[in-house]
Amino acid sequence: MEKPAISNFIRNLIDADLAQNKNQGRVATRFPPEPNGYLHIGHGKSICLNFGIAKDYQGSCNLRFDDTNPERENLEYVQSIKDDIAWLGYQWSELRFASDYFEQLYEYAIELITQGKAYVDSLSSDEIRSYRGTLTKSGKDSPFRNRSEEENLKLFKAMRAGEFEDGQHVLRAKIDMASPNINMRDPILYRIRHVSHYRTGNQWCIYPMYDYTHCISDAIEGITHSLCTLEFEDNRALYDWVLDQLDVPSHPQQIEFARLNLEHTVMSKRILNRLVDEDHVSGWDDPRLPTISGLRRRGYTPESIRDFCERIGVTKKQGTIAMGVLENSIREDLDQQAPRRMAVLDPLRVVIENYPKGQTETVTASNHPKFPQMGQRPLTFSGVIFIERDDFMESPAKKFFRLAPGREVRLRYAYYITCTDIIKDDRGEIIEIRCTYDPATKGGASADGRKVKGTIHWVSADHAANAEIRLYDRLFRVPNPAAKADFLEHVNPGSRVVLTRCKVEQGLVDAPPESRFQFERQGYFCTDRQDHSRSRPVFNRTVTLRDTWAKIGKTAGA
RNA sequence: UGGGGUGUAGCCAAGUGGUUAGGCACCGGAUUUUGAUUCCGGCAUACGCAGGUUCGAAUCCUGCCACCCCAGCCA
């Protein structure tokens, strides 16, 4: 089946532009992160939007680092952002840096001053704030607003030359201090900052502001559609104003869309920073985080993230997506891709009493129930195996159709077994199960056609490998943690559970990092990108399988 | 009594005056050597509210309501 074409208001606008041959039929977008942090799934939405449009319209999409604030930007972030975008499967048309435009930006500022559209203000930041007025009260003109062109030029050049301290002067646009749009009340264009920039070093001590830089950068690059999030709606007037004053190569159209919100997690850089800095998580790539690197480490595929971004759509309405939508995307992908394996997370020893002592044999398991081309693998079976503790109940609940005293179940790909006895320790804990097997059921099918209700997974005790398995769950217990002042109190204590006594198929230890599997009846897991090795196998649970039994359990109050 | 936005089922989301897209979630049922997957069916007439225009309105008009964003020398 052909997927239906993506439709959203931005693509509709582009279609309309194309129909009028606007921009000579060209479509050019850009993804413009500030390199001051790691990318998260919210950026992923923007990446898929911008790069996706470029792809579908045979256009271009630049990666431009919006690096105009030297205080918090660095190369490490630049690198991680490039890595994440590449990993997501996108290639930028051109790599640009706003800092590459510093000289041009400066020239344009001179042009503005010459036109009488910008002036050097010498008010303090506190004064500027109070002169700005409020949401309901208009601002008033700075006493420095009417400096002469010569004086402005002289001061601005002196600012660049480093003749002033931080904060002593700023360059402002001369627009309208009474504008109902606060962004238009003589916005600051340049500030003095004697800080070394990670790319330009000490070449500059004045740095252009976002509103001034972004529109000009877009215009220089010939961007046709400049897509950004809703909070910039009010900045659009300024975006257009700047470009209207200047003799720039083009005038891109800014279009705003709603940013992504996901339930039970946070997208705010401020909160993410605290979680990392205060060690509530292990780092920016902690598998519980919605960062691209976290999702990657968790086991998400680039395809699943792109699919998710496509499903959620692009609108101007601010909504919150349920985590189930993301989970659905990864399950759908992994169900197709991931080879099946057996792993026992919480092992319970089972001795098969009528199995010849010391004997072993090979059974064959398929790597994917629906795709024979994915092959098969041999599994060693023996008289002592491990099964999941959950798969046995001494007094089975209603509708429980796994192993219980006197009950027969199928060991996947092996034999039918029947529980004959339970061994407990002094404290009454079950430490071992005794069973018998039916030799006529090898491979898991009975000769007489009798059925069993349950099929459970297993590994042979002497032929399994030990592994560490990390179970991850939603980071926060509440749907909207960002709305809570004490969000740290709502971190889900069970968001990470480390199991160290797991038993997995021997072949699994040789899997390279970032290999993905379905552990049958459990979920999708991947070898940890950092910690997994042959000598110390470590798996992360990406997502569980859908679990109807768990639902039945809950409803029954079990 | 500032300005800018947004309101379509539990959550997303198409739709731009005239056969009630779709997805997620949820509920049934069929198949199944994963309580998975897959497949069928349901989700009782959803368009913020109130008026109006029209043969006909989620779509056009008027008024109202709710929520979000803006007063960094951040982006």
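All values below come from the heavy atoms of this structure, side chains included, with hydrogens, waters and symmetry mates left out. Please read all numbers here as calculations on a predicted model, not as lab measurements.
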(request) Look at the side-chain N and O atoms of A/R191 and state whether any lies under 4.0 Å from the OP1 or OP2 oxygen of B/rG72. (result) no

(message) How would you summarise protein contacts on nucleotides 4-11 of chain B per nucleotide, using B for base, S for sugar-phosphate only and - for none, with heavy-atom distances below 4.0 Å?
(response) SSS-S--S

(request) With P as the reference atom in both, quote the distance from B/rA58 to B/rG48 in angstrom, rounded to an integer. (result) 10 Å

(message) Can you check the distance between B/rA21 and B/rU59, where both ends of the measurement are the C1' atom (answer in whole Å)?
(response) 16 Å

(request) May I ask you to say what A/I312 touches in the nucleic acid, namely base, sugar-phosphate or nothing, with a heavy-atom cut-off under 4.0 Å? (result) sugar-phosphate

(message) Could you check whether A/S366 and A/Y413, counting side-chain N and O atoms only, form a donor-acceptor pair closer than 3.5 Å?
(response) yes

(request) Please determine if a side-chain N or O atom of A/R193 lies less than 4.0 Å away from the OP1 or OP2 oxygen of B/rC74. (result) yes

(message) Between the side chains of A/R521 and A/E388, is the shortest nitrogen-to-carboxylate-oxygen separation below 4.0 Å, so that they form an ion pair?
(response) no

(message) Looking at B/rG15, I'd like to know if its phosphate oxygens (OP1 or OP2) sit under 4.0 Å from a side-chain N or O belonging to A/S7.
(response) yes

(message) So, OP1 or OP2 of B/rA25: does either fall under 4.0 Å of a side-chain N or O from A/R311?
(response) no

(message) Within the 4.5 Å heavy-atom criterion, are A/E76 and A/Y38 side-chain neighbours or not?
(response) yes

(request) Return no unless some side-chain N or O of A/R129 is found under 4.0 Å from OP1 or OP2 of B/rG72. (result) yes

(message) For the backbone of A/M159 and the side chain of A/H169, can you confirm whether one donor and one acceptor N or O come within less than 3.5 Å of each other?
(response) no

(request) Describe the nucleic acid contact of A/T68 in one word from base, sugar-phosphate, nothing, applying a heavy-atom distance below 4.0 Å. (result) sugar-phosphate

(message) Once you apply a heavy-atom cut-off of 4.0 Å, does A/L326 come out as touching a base, just sugar-phosphate, or nothing?
(response) nothing

Please list, for nucleotides 16-18 of chain B, all pairs of protein and nucleotide N/O atoms separated by less than 3.5 Å.
residue: B/rU16; atom: O4; partner: A/N12; partner atom: ND2; Å: 3.3

(request) Remember a base hit wins even if backbone is also touched, and classify A/S124 as base, sugar-phosphate or nothing at under 4.0 Å, heavy atoms. (result) base

(message) Strictly below 4.0 Å, N to O, side chains only: are A/R259 and A/E231 in salt-bridge contact?
(response) yes

(request) For A/T315, report the nucleic acid contact type (base, sugar-phosphate, nothing); a contact means any heavy atom under 4.0 Å. (result) sugar-phosphate

(request) For nucleotides B/rC49 and B/rG10, find the distance between their P atoms and express it as a whole number of Å. (result) 13 Å

(request) Would you check, one step at a time, whether the test side-chain contact (heavy atoms from CB on, under 4.5 Å) holds for A/D218 with A/R30? (result) CA-CA 8 Å; A/D218 281 346; A/R30 100 271 89 116; 3.1 Å; yes

(message) With a 4.0 Å cutoff (strictly under), does any side-chain N or O of A/T134 reach OP1 or OP2 of B/rG2?
(response) no

(request) Find out whether the Lys NZ or Arg CZ of A/R191 is both under 6.0 angstrom from the six-membered ring centre of A/Y207 and within 45° of the ring's axis. (result) no

(request) Could you tell me whether A/S125 contacts a base, only the sugar-phosphate backbone, or nothing, with contacts defined as non-hydrogen atoms closer than 4.0 Å? (result) base

(request) Look at the aromatic rings of A/H43 and A/H40 and report parallel, tilted or perpendicular, splitting at 30° and 60°. (result) tilted

(request) Considering only atom P, compute the distance from B/rG52 to B/rU6 and round it to an integer number of Å. (result) 27 Å

(message) Using 30° and 60° as the class boundaries, would you call the ring planes of A/F156 and A/Y190 parallel, tilted or perpendicular?
(response) perpendicular

(message) So A/D211, base contact, sugar-phosphate only, or nothing? Heavy-atom distance under 4.0 Å.
(response) nothing

(request) Could you give the distance separating B/rC61 and B/rU54 at their P atoms, to the nearest angstrom? (result) 15 Å

(request) Counting Watson-Crick and G-U wobble pairs only, both distances under 3.5 Å, name the nucleotide matched with B/rC67, or none. (result) B/rG5

(request) Please confirm whether A/R160 makes a cation-pi placement over A/Y106, using NZ or CZ under 6.0 Å from the six-membered ring centre and within 45° of the ring normal. (result) yes

(request) Before accepting this row, confirm whether a basic side-chain N of the pair A/D56/A/R11 lies closer than 4.0 Å to the acidic partner's carboxylate O. (result) yes

Can you name the atoms? Protein N/O to nucleotides 35-37 of chain B N/O, anything below 3.5 Å, with the distance.
residue: B/rG35; atom: OP1; partner: A/R521; partner atom: NH1; Å: 2.9
residue: B/rG35; atom: O2'; partner: A/T548; partner atom: N; Å: 3.4
residue: B/rG35; atom: O2'; partner: A/W549; partner atom: N; Å: 3.4
residue: B/rG35; atom: N7; partner: A/R402; partner atom: NH1; Å: 2.5
residue: B/rG35; atom: O6; partner: A/F401; partner atom: N; Å: 3.2
residue: B/rG35; atom: N1; partner: A/K399; partner atom: O; Å: 2.8
residue: B/rG35; atom: N2; partner: A/K399; partner atom: O; Å: 3.3
residue: B/rA36; atom: OP1; partner: A/T548; partner atom: OG1; Å: 2.5
residue: B/rU37; atom: OP1; partner: A/R546; partner atom: NH1; Å: 2.3
residue: B/rU37; atom: O2'; partner: A/D335; partner atom: OD2; Å: 2.9
residue: B/rU37; atom: O2'; partner: A/K370; partner atom: NZ; Å: 2.3

(request) Taking atom P in both B/rA13 and B/rC24, compute the distance separating them and give it to the nearest angstrom. (result) 16 Å

(message) Taking the minimum atom-to-atom distance to the side chain of A/N181, which one of B/rC73, B/rG3, B/rA75 wins?
(response) B/rG3

(message) For a quick check under 3.5 Å, do A/Y524 and A/Q518 share a side-chain donor-acceptor pair by atom type?
(response) yes

(message) Distance alone, cut at 3.5 Å: any donor-acceptor contact between the side chains of A/R199 and A/S99?
(response) yes

(message) Just the rounded figure in Å: distance from C1' of B/rC74 to OH of A/Y77.
(response) 15 Å

(request) Assign A/Y190 to base, sugar-phosphate, or nothing according to its heavy-atom contacts below 4.0 angstrom with the strands shown. (result) nothing

(message) Could you tell me how far B/rA30 sits from B/rA14 if I compare only their P atoms? Round to whole Å.
(response) 37 Å

